[in-house]
Amino acid sequence: MTSASYIFLAGASRGVGREIAQYLTAQQLKVKALLRTAAVASELETMGIEVVQGDALNIGDVERAMLTDTPIHTVISTIGGLPSDVERPDYPGNRNLIDAAVKAGVQKFILVSSIGAGNSVVAASPQVLEVLGKVLAEKDKAEQHLIASGLTYTIIRPGGLKSEPATGNGVLTEDPHIIGSINRADVAQLVGRSLNSQRANNKILSAVDRNMLFGQREFAEFTLE
């Protein structure tokens, strides 16, 4: 990271994205956030984040936000929809972000996906797949688009998300069979630590809390340093 470059964050209005925004600003990093609605713009600006209003589903909005004179070091995307959404941004929104990142010469793209996407489908229960199958399929398409883009990437797939303070027990693994829960604040820490991790480059990693695993399966922990 140079002082002139910044991190571009999509999904900062809520959930994991908001936790990442708080983590990055606490690290004194320069952050620009793409917001679909102005509802939380003032809260993010108070944190020192530059806000650009735009919809990830609109490629024009994304390019206007990204293709500026200030270089972007890393794009972080946590955008995703709900099973009830008519138009989910999981694939088309992330596709726009990835394509614009290529044009902008971004050095790294961190995509927050979900356990159950891609080869980690083996970890998800039939009940989860019944409810979230279509969403997970969209997330998988976004992952594949990122991998094919030529960008340096890190894909982090959290397990079941909880809104509790960070425990510090969030861990990463390349084992696609692992399933469990993790607090959103711990996901944010893992994403933040992946920013400057060379080991995390071009890796797909599942994220769980080591004390919230479903089942007792042994697995190899992935270290970022």
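Given the structure is predicted, the values throughout are model-derived calculations rather than measurements.
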Looking only at heavy atoms, what is the nearest atom pair of [X] and [Y], with distance?
X	Y	result
Ser113	Pro158	O-CD, 3.3 Å
Met212	Ile182	SD-N, 4.3 Å
Leu195	Leu29	CD1-CD1, 3.9 Å
Asp186	Gly168	OD1-N, 2.8 Å
Asn96	Ala56	ND2-O, 2.9 Å
Glu164	Asn183	CB-ND2, 3.4 Å

For the pair [X] (side chain) and [Y] (backbone), establish whether a donor and an acceptor sit closer than 3.5 Å, ignoring hydrogens and angles.
X	Y	answer
Ser194	Ala200	no
Ser125	Val128	yes
Asn94	Asp90	yes
Ser77	Leu111	no

Suppose the criterion is salt bridge (charged side-chain N to carboxylate O under 4.0 Å, His left out): which pairs have a residue in residues 191-213, not counting sequence neighbours?
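Qualifying pairs, neighbours excluded: Glu174-Lys203, Arg193-Glu225, Arg210-Glu221.
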With side-chain hydrogen bond (donor to acceptor under 3.5 Å, both in side chains) as the rule and sequence neighbours excluded, what pairs involving residues 42-55 come up?
Arg18-Glu43
With Asn202, the side chain to side chain contact (heavy atoms under 4.5 Å, CB included) member among Ile155, Thr152, Ile147, Thr154
Thr152
Before giving the answer on side chain to side chain contact (heavy atoms under 4.5 Å, CB included), spell out for Val121 and Leu136 the whole-Å C-alpha distance, their side-chain angles and the decisive distance to 0.1 Å.
CA-CA 8 Å; Val121 67; Leu136 293 170; over 6 Å; no
Arg64 and Asn58 side chains, donor-acceptor separation under 3.5 Å
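No, because no side-chain N or O of Asn58 sits under 3.5 Å from a partner of the opposite role on Arg64.
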Taking atom [atom1] of [X] and atom [atom2] of [Y], what is their separation to the nearest 0.5 Å?
X	Y	atom1	atom2	answer
Ile7	Gln27	CD1	CD	9.5 Å
Leu161	Ile115	CG	CD1	9.5 Å
Leu172	Arg157	CG	CZ	12.5 Å
Arg184	Ile20	CZ	CD1	11.5 Å
Ile76	Leu24	CD1	CG	5.0 Å
Phe109	Ile72	CZ	CD1	10.0 Å

